[in-house]
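See structure below.
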Protein chains: 2
Amino acid sequence: MLRAAQLYYRLHLTQDQVGERLGVSRFKVGRLLDRALRESAVRIEIVHPDIRLVELEDGLVARFGLRSAVVVDVPPTASEQDQELLARERVATAAAAQLTALRPTGAIGVSWGRTMLEVAAHLRPGWTAASEIVQLNGAMSRSARPTRAQEVVEQFGLTSGAAIQLMPAPAIVGSPELREALEQDPSIGETLAAARAAETAVFSMGVLGTESVHVASGFIGDPDLAALGEAGAVGDVLGRFLAIDGRIALPSLDRRTIGLPLEELRAKTLTVGVAAGPGRGSIALAALRSGCINVMVTDEETATWVIDHE
Amino acid sequence: MLRAAQLYYRLHLTQDQVGERLGVSRFKVGRLLDRALRESAVRIEIVHPDIRLVELEDGLVARFGLRSAVVVDVPPTASEQDQELLARERVATAAAAQLTALRPTGAIGVSWGRTMLEVAAHLRPGWTAASEIVQLNGAMSRSARPTRAQEVVEQFGLTSGAAIQLMPAPAIVGSPELREALEQDPSIGETLAAARAAETAVFSMGVLGTESVHVASGFIGDPDLAALGEAGAVGDVLGRFLAIDGRIALPSLDRRTIGLPLEELRAKTLTVGVAAGPGRGSIALAALRSGCINVMVTDEETATWVIDHE
DNA sequence: CAATGGTGTGCACATTTGAGCATGGCTACC
DNA sequence: GGTAGCCATGCTCAAATGTGCACACCATTG
């Protein structure tokens, strides 16, 4: 058996030649090799260092029932800030590539944020034949810091030649009643209907904290921030804050949030979630648990955190 | 590439199926797997502990231009003496099996000694269709300790149904003249002619020392022993003592030795050398260097020693 | 002593894989 | 703007390999 394995695997003879040398039939050689494999006398192993990325992808797919997952390697950098920038760049590149490979059609819903901006920047012209790009949630900033949500949608549209549809509203308003009133208004209502109708959604995940985009953009103030912390919120998806178990952390705030509700997101055929950079583990896990992601794109650190904490 | 390797080697999909999952052609998958192998991203290794035996066999074949080699594993025992007995038993079994597999025809020459006796004992009836078994060298003991050479030849004959031909002479005599005279005599001369004509020879190797068969049987006395030591002899093949370089250690003694000369042994088609037990390394190496072996059967310890000292 | 069942073997056939070659896109260089 | 060379890709065809089946061998059992 070992002699056969030696001749076959090391010297790369055919089973026929091995049989000739050993004076047995090629069938017997085949069975010998079978046995060697079954009895693990021969080990075939993938030794490339990046195989762990594949394993993480498989782990995510298996644990959360995803369609697919992409986990990218981010080489270490000098500073924490560089690390975040590099991670975002790498993950965004991968997300753009994955989107291209998935070839979505019809309408595509998109969120906004730094990560989404980076994804948009990496899309190559002609990446999809989609007909329409729809903004999924409100973004109109009231602070000096612009959300650049429009740039995201425009870039998605520009690179695909699709029509674009913006959602001209803040992410979060002061009362549920105002939210309802705004959603009734045709300018927002029609976009929301289109977002609902889209079969595909692409969005990133945001962390909760003082450096959060929503805080910086003035959508949530100190009282809301405190209440969210109290409720165990770890971050947001489409402006909707989740606790680590994947449920809406603060329903009262959720009712003031303008955009596609999570149930609707969950119902879509293709939902691509992008999470990049240190500290994204908890919101990534929450989002995965919420069931609104079926294609995950992230970095190794985040993926490892998620797998370890599930 | 890694994904392909994962699906192909770990999940045992066909290249076609891998291609389907990855959205590429099976040709590309094949090339991907090729590359993975070439770049050693995938390692195929034989992990069975006995693979070292195969490697030793290959080493012997390559270094000494053999037809084949058999190296057997000898489990450790309590005492050195048990080890020697077990080694002899294992190696003899392997030698008998190898002889059976080689299916020699015509006349087969055999030597004598403890190892050969053990080999003979392991031959199964019908192991060969050879016509004649010929004793290759003199063996008639003058001491109380019999050489049992006749038993070896008889057993070879009995198990094969072949005729036997003994060499009724001592291994070593007092003078070259006497040796010549004996070899002229028909009783010995005819056997010697048959030994010369045989296409196959089977023989063991003896170590030099006070416990040597030749010393115990009274063929060499103290002066010869001392002279052999002086000349760098390490052991014998067919009663002919070799130095570690594989040459006759003491030509004067060799001229007094009755039996097939080494040049004649070298000229045969099939020469099976058997060396078993601790301390056999040097004579095994000497015999291999002398070029008179083309099929080697030995234990791991001896094979390792030979490879390490060549 | 026949029947039985397990095991190993070789064979015909189907599937899988590899080798060589043509094609076409891309780049770099005139 | 052309063009030569390179590389990746997919194809055809042949080789290599796996599979189900029939048969032989052996030991056990009623």
Side-chain angles (χ1 to χ4, degrees), chain A residues 1-48 50 54 70 93-94 96-103 122-129 159-161, chain B residues 1-48 50 54 93-94 96-98 100-103 122-129 159:
Chain A
M1 181 179 87
L2 294 178
R3 175 121 258 150
Q6 171 94 342
L7 294 172
Y8 187 74
Y9 289 115
R10 279 228 219 293
L11 276 68
H12 305 291
L13 303 186
T14 68
Q15 295 187 4
D16 230 354
Q17 293 171 309
V18 173
E20 205 168 323
R21 278 220 207 173
L22 266 52
V24 299
S25 73
R26 70 175 188 83
F27 305 100
K28 179 149 184 163
V29 172
R31 281 163 185 143
L32 244 29
L33 294 172
D34 258 3
R35 190 155 66 82
L37 233 38
R38 262 204 319 284
E39 294 176 5
S40 20
V42 170
R43 185 168 56 205
I44 299 183
E45 102 190 280
I46 305 171
V47 293
H48 194 287
D50 287 352
V54 176
V70 179
T93 305
Q98 185 67 5
L99 276 172
T100 306
L102 289 165
R103 295 227 136 264
H122 284 93
L123 291 171
R124 318 211 117 259
W127 66 278
T128 179
T159 50
S160 63
Chain B
M1 180 180 90
L2 294 177
R3 174 122 260 148
Q6 171 95 340
L7 294 171
Y8 187 75
Y9 288 115
R10 277 227 216 294
L11 276 69
H12 304 292
L13 304 186
T14 67
Q15 295 187 4
D16 227 354
Q17 292 170 312
V18 173
E20 206 167 322
R21 278 221 206 173
L22 267 51
V24 299
S25 73
R26 70 177 188 82
F27 306 101
K28 179 149 186 164
V29 173
R31 281 164 185 143
L32 244 30
L33 294 173
D34 256 6
R35 192 156 64 82
L37 234 38
R38 262 205 318 284
E39 294 176 4
S40 21
V42 170
R43 184 168 56 204
I44 300 182
E45 107 190 274
I46 305 172
V47 293
H48 194 290
D50 287 354
V54 176
T93 307
Q98 184 67 5
T100 305
L102 288 166
R103 295 227 136 266
H122 283 93
L123 291 170
R124 317 211 117 259
W127 66 277
T128 178
T159 51

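Because the structure is predicted, anything quoted here is derived from the model rather than measured. When reading the values below, keep in mind they use all heavy atoms of this one structure, side chains included, and skip hydrogens, waters and symmetry mates.
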Would B/Leu22 and B/Arg3 satisfy side-chain contact (heavy atoms from CB on, under 4.5 Å), going step by step from the backbone distance to the final call? CA-CA 8 Å; B/Leu22 267 51; B/Arg3 174 122 260 148; 3.6 Å; yes
Encode nucleotides 16-27 of chain C as B, S and - characters from 5' to 3', where the letter depends on protein heavy atoms closer than 4.0 Å: B to the base, S only to sugar-phosphate, - to neither. SBBBB-------
Grab the two heavy atoms, one from A/Thr128 and one from A/Ser160, that are nearest each other, plus how far apart they are.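 Shortest heavy-atom separation between A/Thr128 and A/Ser160 comes out as CG2-CB, 3.5 Å.
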When every non-hydrogen atom of A/Gln15 is compared with those of A/Arg26, the smallest separation belongs to OE1-O, 3.8 Å
Intermediate values then yes/no, side-chain contact (heavy atoms from CB on, under 4.5 Å), A/Lys28 and A/Arg31: CA-CA 5 Å; A/Lys28 179 149 184 163; A/Arg31 281 163 185 143; 5.6 Å; no
Between which nucleotides of DNA chain D, read 5' to 3', does contact with chain A run, using atoms under 4.0 Å from its heavy atoms?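 Answer, 5' to 3': D/dA16 to D/dG20.
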How far apart are the C-alpha atoms of B/Val29 and B/Tyr8, what are their side-chain angles, what is the distance that settles it, and do they pass the side-chain contact (heavy atoms from CB on, under 4.5 Å) test? CA-CA 9 Å; B/Val29 173; B/Tyr8 187 75; 5.5 Å; no
List the steps, then state whether side-chain contact (heavy atoms from CB on, under 4.5 Å) holds for B/Arg21 with B/Val18. CA-CA 5 Å; B/Arg21 278 221 206 173; B/Val18 173; 5.9 Å; no
pair B/Leu7-B/Gln17: side-chain heavy atoms closer than 4.5 Å: no
